[in-house]
*Asks:* 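There's a structure below that I have some questions on.
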Amino acid sequence: MAEELPRNRSQSEQKEELESSVTVIEKQAQRRIFKIIVIGDSNVGKTCLTYRFCSGKFPDKTEATIGVDFRERTIEIDKEQVKLQLWDTAGQERFRKSMVQHYYRNVHAVVFVYDVTKMSSFDSMPSWIEECDRHNLNKDIPRLLVGNKCDMKLRIAVNTNLAQKFADSHSMPLFETSAKDDERANHVDAIFMTLAHKLKSKGLFTGNTGLRIPGTYSIADNMVMYYVCQVTSVCF
Amino acid sequence: MTLIKRQKTMAVNYCVTPVIQALVSCQSMQLTRSPERHKIKLIQKAMDASPVDTRQLKNLAIMWGGLLSDDIRKKAWPKLLGVDVDNIPPKPDKEILYGHRDYNQVVLDVNRTLKRFPPGMEVEHRMSLQDELVDLIMRVLVKHPELHYYQGYHDICVTFLLVAGEDIAFALMEWLSVNHLRDFMDSTMDRTKHILNYLYPIVGKSKPKLRDFMEESEVGSVFSLSWLITWYGHVLDDLRHIVRLYDFFIACHPLMPIYLAAVIVLYREKEILSSECDMCVLHGLLSKIPDNLPFELLIREAGDLFIQYPPTQLANEAIKTYKRKALVVTGKKSIQKYATRRGTGGSWLWRYLVPDVGGGYIKVTAFVVVALLSSAAWNMWAARDW
Ligand SMILES: Nc1nc2c(ncn2[C@@H]2O[C@H](COP(=O)(O)OP(=O)(O)O)[C@@H](O)[C@H]2O)c(=O)[nH]1
Ligand SMILES: [Mg+2]
C-alpha cells in the first residue's frame, strides 16, 4: 500500500484551477510565439547555446541530445512579450532522417551551428542547408549561421573569411560566439534577440524579404548593442 | 485500497490465479519481518538450481523491488539472459576497436556522459570508466558489424558498466543488442519509430480522451524516444530507479519499455489534461520524467497493460498510426513490401509484430499465440523465455 496513487485533494485542485486561469491570462498576454529550430553536427554546442540563452548559464554537464529537446524563454521587445521556443535537435544522422523532420514544420527561423575548432562541422553545413530546404517550403524564413566555441582561440580551424563567404552566398548573417565564455554571455543573448527582432518586424510587415546582413559579427563586448540596435533596425 | 480493487478487476477479467498469487506474495513479503532477506534467499535458490530456474528468477526480477542489490544483479542478470560469463571473448586490439565507423560518435557521446557517474566519484576513476565505456561499446559494434550505434546506446551501456564491470557488461550488452535492442540498431530508425507508434494505441485503450487530447496537440511521440532507446537511463537521475527498471526489462518482452512509457503518460493524465493543448508545452512537460514516480506501481501497471493489450493486438493500430502519419512509407503496397522484405533478415521482433495490411499477421510465432490464448497470460508475461 505504500505506493498508493496520490489522490489530489480539493486544495490542490483549487491550486490547479488557479494555475489554469493564470495560463489563460498568460496566453492573452503573449501574443507572439516564435519557434526556432537549432541544427548542426553532433557536439558543436547546440545544447549549450540554447541552454545558455534560456537558462543564462553554461551547463556544467551536458549530455548527448536524444531526439529533440525543447527550451523556451520569454523576452520583451518594444514592451511586448515575445516567447522564443527553441528546438534543440540531435546531431546524429539517423535521428535527423526520421525523428527530427516533424519539428521543421511551422518553424519561424533556423539556426545553423558549426564548431569553429572543427572543420568537418563546417563542411557539413551545405548538407544541413539542403536538408532544411527540403523541409521548409518557405525559403523566406530567417536563417542564421553560428560558429561556436570561439573561446578556444588557439584551436580555431574555420577561417572567419571562409565562413563569411559561405554565409553571404546563402544570404545569412554569420555570428561567431561562445556558449561557454561567461564574459561573452550577452553575446549569445544578442544573437537570439536579433533574431527575435527580425521575426517580430517580419510579422508586422509581411512581405519582407530574406535576411541579409553583410559583415561578420565576431565577439566583442561593445558589439552587443550593435546587434540589437543597429542590426535589427537598419538591416531588417 | 487500490490494490484490492485491482485484484478484483484482474480476477474478473482474466481468472488468472497466478496474478493474485503474485500480488499476495508481494503483500506478504512486505509484511514479513525481513522480506528482503527472504527474497534474497529465493533469488539465490533460483540461481543455484541446475539448470538455473529462470522462470522463477524472472518472476523475482519483475516483482516488488526486483533483484534488490547490484551485487545480486551482477550475478543474476547474466543468468536471466543465459549469458555465459566464464567464456567471454577477449577484447580485440585497440586498432580494430578504434577503426570502427561509429568510433568518433561514441567518443563524443561518452565524453558527455558525466552525469551518469555517481556524484563524488574521483575524476581519475571516472575517466578510466569512460575509457572502459568506449571499449565496451566498440567491442559489441566490432563483433556485430550489422549493428549501428545510436546516441543513447551509451546510456544503457553505462548502466551495465557501473553495475557489472566491463567484461560482464559486454556479454550482457552483446546479448541485448541482438535481441531486445536490435530494432534500435538498424541503419535507420524506421523500426524505432514504428515501436513508438505503439504508445498512442496503448494510451488510447485505457484513456481515449487523453489520447485525443495528445493527438490534437500534435505532440507526437518523440518525447518518449529517449525513454525507449535508453531504457530510461537518459531521463532518470537516480541509478537505483534505473537498475530496478532494468531488472524488469531484462525479464520481460522487448516491447515492455513502451508499455511503461504508456503507463507513465497515463499516470500523468491530470497534469497533461490541465496543461495547454500545444505541441511545445506538452513536449516540454512530458519529456522530463519526475524522479519521484512510484515505479513499483508503474511496473505492475505496465505488466497489466501488456496482458490486456498484447503487442499483436496493437500492431494493426500502430501500423494505422504509422500510415496516417505517412512519415516514412506511404500506401498499402509499400508497407507490405517493407514488412516482407524485413521478414527474413533483421529482427525477430519485427517479424512477430508486423501485421499484413489485410488484417491477418504475416508471421506469428508460437509464443505470441500462446500468450494471446492462454488464460495464464500472466505466467507467459512473467516467465516465458522470450
Ligand atoms: N570550449 C567550448 N566548449 C563548448 C562550447 N559549447 C559547447 N561546448 C562543449 O562541446 C561539447 C558539446 O556540446 P553540446 O552542446 O552537447 O553539443 P551538441 O551535440 O551540438 O548539442 C560539450 O562537451 C560542451 O561542453 C563553447 O562555446 N566552448
Ligand atoms: Mg545536443
Side-chain angles (χ1 to χ4, degrees), chain A residues 1-8 12-13 15-17 19-20 23-24 26-27 33-35 41-44 47-48 54 59-72 83-103 105-106 115 118 120-121, chain B residues 1-3 27 30 102 104-105 107-116 148-152 154-155 184 186-190 192-193 196 218 220 222-227 229-230 234-235 267 270-271 274-276 278-284 287 293-298 300 325 327-328:
Chain A
M1 305 280 160
E3 45 166 343
E4 201 178 306
L5 289 165
R7 295 265 166 266
N8 280 319
S12 61
E13 269 162 24
K15 199 171 141 240
E16 261 170 38
E17 262 169 40
E19 269 165 12
S20 65
T23 331
V24 173
E26 253 173 26
K27 234 163 48 185
I33 296 177
F34 294 127
K35 292 185 192 174
D41 277 7
S42 198
N43 213 59
V44 296
T47 301
C48 291
C54 295
D60 48 341
K61 291 173 184 171
T62 49
E63 292 179 284
T65 308
I66 293 167
V68 183
D69 274 343
F70 165 73
R71 294 187 184 86
E72 66 182 356
K83 196 189 264 186
L84 295 189
Q85 299 184 321
L86 306 187
W87 291 95
D88 172 25
T89 60
Q92 199 189 5
E93 176 137 350
R94 53 195 293 112
F95 287 95
R96 62 163 131 150
K97 286 253 163 70
S98 49
M99 297 292 168
V100 176
Q101 298 166 333
H102 184 66
Y103 300 90
R105 285 190 311 158
N106 307 326
D115 174 349
K118 204 163 170 215
S120 64
S121 73
Chain B
M1 192 183 74
T2 354
L3 205 57
Q27 268 181 300
Q30 277 175 284
D102 288 325
N104 287 333
Q105 184 71 55
V107 172
L108 292 179
D109 293 343
V110 169
N111 284 343
R112 289 182 281 180
T113 321
L114 309 183
K115 223 180 105 188
R116 297 294 316 277
H148 295 258
Y149 172 77
Y150 61 88
Q151 292 187 301
H154 67 298
D155 272 309
F184 311 143
D186 265 351
S187 61
T188 71
M189 298 194 86
D190 291 348
T192 305
K193 197 149 80 183
L196 281 179
E218 300 196 335
V222 172
F223 67 84
S224 63
L225 173 67
S226 73
W227 309 358
I229 66 178
T230 71
H234 186 76
V235 272
Y267 181 79
K270 264 194 136 183
E271 241 179 304
S274 62
S275 82
E276 210 177 314
D278 170 76
M279 166 177 151
C280 302
V281 173
L282 278 185
H283 185 99
S287 55
L293 291 182
F295 287 102
E296 295 296 340
L297 176 73
L298 299 180
R300 246 168 25 210
K325 288 190 195 147
L327 286 174
V328 172

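Here is the naming used below: chain letters follow the sequence lines, and residue numbers restart at 1 for every chain.
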*Asks:* Given a strict heavy-atom distance threshold of 4.5 Å, which part of B:D155 is in contact with chain A: side chain, backbone, both, or neither?
*Replies:* side chain

*Asks:* Can you name the closest pair of heavy atoms from A:H102 and B:E218 and give their distance?
*Replies:* NE2-O, 3.3 Å

*Asks:* Examine whether an atom of A:Q85 lies under 4.5 Å from a heavy atom of chain B, and if so say whether it belongs to the side chain, the backbone or both; otherwise answer neither.
*Replies:* side chain

*Asks:* Indicate yes or no for a side-chain donor-acceptor contact from B:K193 to the backbone of A:S98 under 3.5 Å, with no hydrogens or angles considered.
*Replies:* yes

*Asks:* Take A:M99 and B:T192, measure what side-chain contact (heavy atoms from CB on, under 4.5 Å) needs, and give me the verdict at the end.
*Replies:* CA-CA 10 Å; A:M99 297 292 168; B:T192 305; 4.2 Å; yes

*Asks:* Measuring from atom NZ of B:K115 to atom CG of A:D60, what distance do you get when rounded to the nearest 0.5 angstrom?
*Replies:* 10.0 Å

*Asks:* Got A:Y103 and B:M279 here, is their nearest side-chain heavy-atom distance under 4.5 Å?
*Replies:* yes

*Asks:* Report yes or no: does A:Q92 contribute a side-chain atom to a donor-acceptor pair with the main-chain N or O of B:Y149 at less than 3.5 Å?
*Replies:* yes

*Asks:* If you tally heavy-atom pairs under 4.5 Å against chain B, which of A:V68, A:T62, A:I66 wins?
*Replies:* A:I66

*Asks:* Please report the closest heavy-atom contact between B:L114 and A:K61, naming both atoms and the distance.
*Replies:* CB-CG, 4.1 Å

*Asks:* If you compare all heavy atoms of A:S42 against all heavy atoms of B:Q105, which two are closest, and at what distance to 0.1 Å?
*Replies:* OG-NE2, 2.9 Å

*Asks:* If I take atom NZ from residue A:K118 and atom CG from residue B:L108, how far apart are they, to the nearest 0.5 angstrom?
*Replies:* 5.0 Å

*Asks:* Which heavy atom in B:S187 sits nearest to a heavy atom in A:R94, and how many Å separate them?
*Replies:* O-NH1, 3.5 Å

*Asks:* For B:S226, is it the side chain, the backbone, both, or neither that has a heavy atom closer than 4.5 Å to a heavy atom of chain A?
*Replies:* both

*Asks:* What is the minimum heavy-atom distance between A:W87 and B:C280, and which atoms define it?
*Replies:* CZ2-SG, 3.2 Å

*Asks:* Tell me whether B:H154 contacts the main-chain N or O of A:A64 through its side chain, where contact means a donor paired with an acceptor under 3.5 Å.
*Replies:* no

